[in-house]
Amino acid sequence: MGCFVRRHRRPAHRSRRGRRHRRRRLYTNRFIAAPLRHDFREGSSVATGIVGTLFAVSIGLLVVAAWNQVNSAHQTASTEASNLTDVYWYSRSLPDPQRHTLQTLATDYATTVVREEWPRMAEDPTLSPRAWRHVEQLRTYFQTIEPATGAASTRYSQAMSRVQAVLDARRARAQIADSGVPPLLWAALAGCGLAVLLPAVVCGSPVHKVHVTVAAVVGGLVGLVLFLGQQLDFPFSGGIAIGPEAFEQALTRFTSIRTLGGAA
């Protein structure tokens, strides 16, 4: 009698996985010969290390520069709001019609910045034309004030310097909002990232699991650092964005100052 040997069938999903793996290896061997891939792995290690170092240094410089720009934008917004608050304080020394007009102009400007300009900067790196009109009206109105005494003239000169500081800080904020990483630098970073990722994807380890793991880790790290740089690119938009808290605090101070009335 014949002897029958019972063969155990592999699960279907394992068979399909094995066939896919064999097809990938077949395609890889067809387009890139094994000796060539081995020589590439051996010879490109130094070049890949140099490119990876350049990529890391470039990303580090980009993050540092972008973070400094974020700090500068925060300081600029705080300076603008602080000087606007000083202008509001000056209104207490004016008679009632002028005091009310100056307080209204300062309040309209701060309110427009908070409610209209800041949401606009999150989508479009330009400032609000309406806010520009408000701040220009504020400066124009200051030019109509005529101090009557020497003490009033001193206070006027100090307040006028605060108005100029508001305009200077606003211009600086407009420049920061419209500036970002040059497209050529982004192209260079993308090219370096691709040069770092390509050897891991095309000519990685002969062990499939190690190959996939290394390629996924390298690709994830490259994508993460590029995403971080993009989030820091514009300080008034993205995940790390400066909010209008300085102007909101200024509006709160306006209310407190207004309750004090005019100067004695």
Side-chain angles (χ1 to χ4, degrees), residues 69-179 234-237 240-264:
Q69 189 176 23
V70 170
N71 291 333
S72 177
H74 185 273
Q75 183 64 35
T76 300
S78 299
T79 300
E80 184 180 354
S82 176
N83 283 283
L84 187 64
T85 304
D86 291 340
V87 172
Y88 202 95
W89 266 109
Y90 169 73
S91 68
R92 297 184 64 247
S93 64
L94 299 176
D96 188 33
Q98 291 179 328
R99 179 173 68 248
H100 177 73
T101 301
L102 184 57
Q103 290 179 352
T104 300
L105 290 173
T107 303
D108 289 345
Y109 173 64
T111 302
T112 303
V113 168
V114 172
R115 296 182 179 179
E116 178 180 325
E117 187 166 74
W118 228 266
R120 176 191 178 96
M121 287 192 302
E123 301 177 358
D124 183 14
T126 57
L127 304 190
S128 168
R130 185 181 176 188
W132 277 115
R133 288 195 298 270
H134 283 315
V135 74
E136 289 169 357
Q137 290 172 357
L138 178 65
R139 183 179 184 180
T140 301
Y141 183 75
F142 249 89
Q143 296 175 350
T144 64
I145 299 176
E146 297 181 357
T149 64
S153 180
T154 301
R155 290 193 296 268
Y156 173 79
S157 298
Q158 294 175 350
M160 191 64 185
S161 66
R162 298 294 189 273
V163 173
Q164 186 61 44
V166 170
L167 288 168
D168 292 340
R170 178 174 176 80
R171 294 189 188 100
R173 181 162 58 87
Q175 184 177 4
I176 293 173
D178 195 29
S179 62
F234 295 99
F236 298 106
S237 61
I240 307 175
I242 298 173
E245 289 81 6
F247 287 92
E248 292 173 349
Q249 293 175 3
L251 288 171
T252 303
R253 293 291 297 146
F254 291 175
T255 303
S256 301
I257 297 170
R258 190 165 53 248
T259 58
L260 298 176

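All values below were derived from every heavy atom in this structure, side-chain atoms included, with hydrogens, water molecules and symmetry-related copies excluded.
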Determine yes or no for a side-chain-to-main-chain donor-acceptor pair under 3.5 angstrom, with [X] supplying the side chain and [Y] the backbone.
{"X": "Glu117", "Y": "Ser128", "value": "yes"}
{"X": "Asp124", "Y": "Arg120", "value": "no"}
{"X": "Tyr156", "Y": "Phe142", "value": "yes"}
{"X": "Thr154", "Y": "Gly150", "value": "yes"}
{"X": "Thr144", "Y": "Tyr141", "value": "yes"}
{"X": "Trp118", "Y": "Ile242", "value": "yes"}
{"X": "Ser153", "Y": "Thr149", "value": "no"}
{"X": "Ser82", "Y": "Ser78", "value": "no"}
{"X": "Thr111", "Y": "Asp108", "value": "no"}
{"X": "Thr101", "Y": "Gln98", "value": "no"}

Value rounded to 0.5 Å, distance of [atom1] in [X] from [atom2] in [Y]:
{"X": "Thr79", "Y": "Arg173", "atom1": "OG1", "atom2": "CZ", "value": "11.5 Å"}
{"X": "Asp86", "Y": "Ser91", "atom1": "CG", "atom2": "OG", "value": "11.0 Å"}
{"X": "Leu138", "Y": "Tyr88", "atom1": "CG", "atom2": "OH", "value": "12.0 Å"}
{"X": "Thr85", "Y": "Glu80", "atom1": "OG1", "atom2": "CD", "value": "10.5 Å"}
{"X": "Thr252", "Y": "Glu245", "atom1": "OG1", "atom2": "CD", "value": "11.5 Å"}
{"X": "Leu251", "Y": "Thr107", "atom1": "CG", "atom2": "OG1", "value": "6.5 Å"}

Flag the pair [X] / [Y] as yes when at least one side-chain heavy-atom distance between them is below 4.5 Å, and no otherwise.
{"X": "Arg171", "Y": "Asp168", "answer": "yes"}
{"X": "Ser161", "Y": "Gln164", "answer": "no"}
{"X": "Val113", "Y": "Pro244", "answer": "no"}
{"X": "Asp96", "Y": "Arg99", "answer": "yes"}

| Trace of the side chain to side chain contact (heavy atoms under 4.5 Å, CB included) decision for Arg139 with Val135 | CA-CA 6 Å; Arg139 183 179 184 180; Val135 74; over 6 Å; no
| message | Tyr109 and side chain to side chain donor-acceptor pair (under 3.5 Å): which single residue from His134, Glu136, Arg133, Arg170 fits? | response | Arg170
Compare every heavy atom of [Y] with every heavy atom of [X], then report the nearest pair and how far apart it is.
{"X": "Pro147", "Y": "Ala152", "answer": "CB-C, 3.7 Å"}
{"X": "Thr76", "Y": "Ile176", "answer": "OG1-CD1, 3.9 Å"}
{"X": "Ala174", "Y": "Trp132", "answer": "CB-CZ2, 4.4 Å"}
{"X": "Ala77", "Y": "Phe247", "answer": "O-CE1, 4.0 Å"}

| said: For Tyr90 and Arg155: C-alpha separation, side-chain torsions, deciding distance, then whether side chain to side chain contact (heavy atoms under 4.5 Å, CB included) applies. | reply: CA-CA 7 Å; Tyr90 169 73; Arg155 290 193 296 268; 3.9 Å; yes
| query | Under 6.0 Å from the CD atom of Gln143, do we count more than 12 heavy atoms belonging to anything else shown? | reply | yes
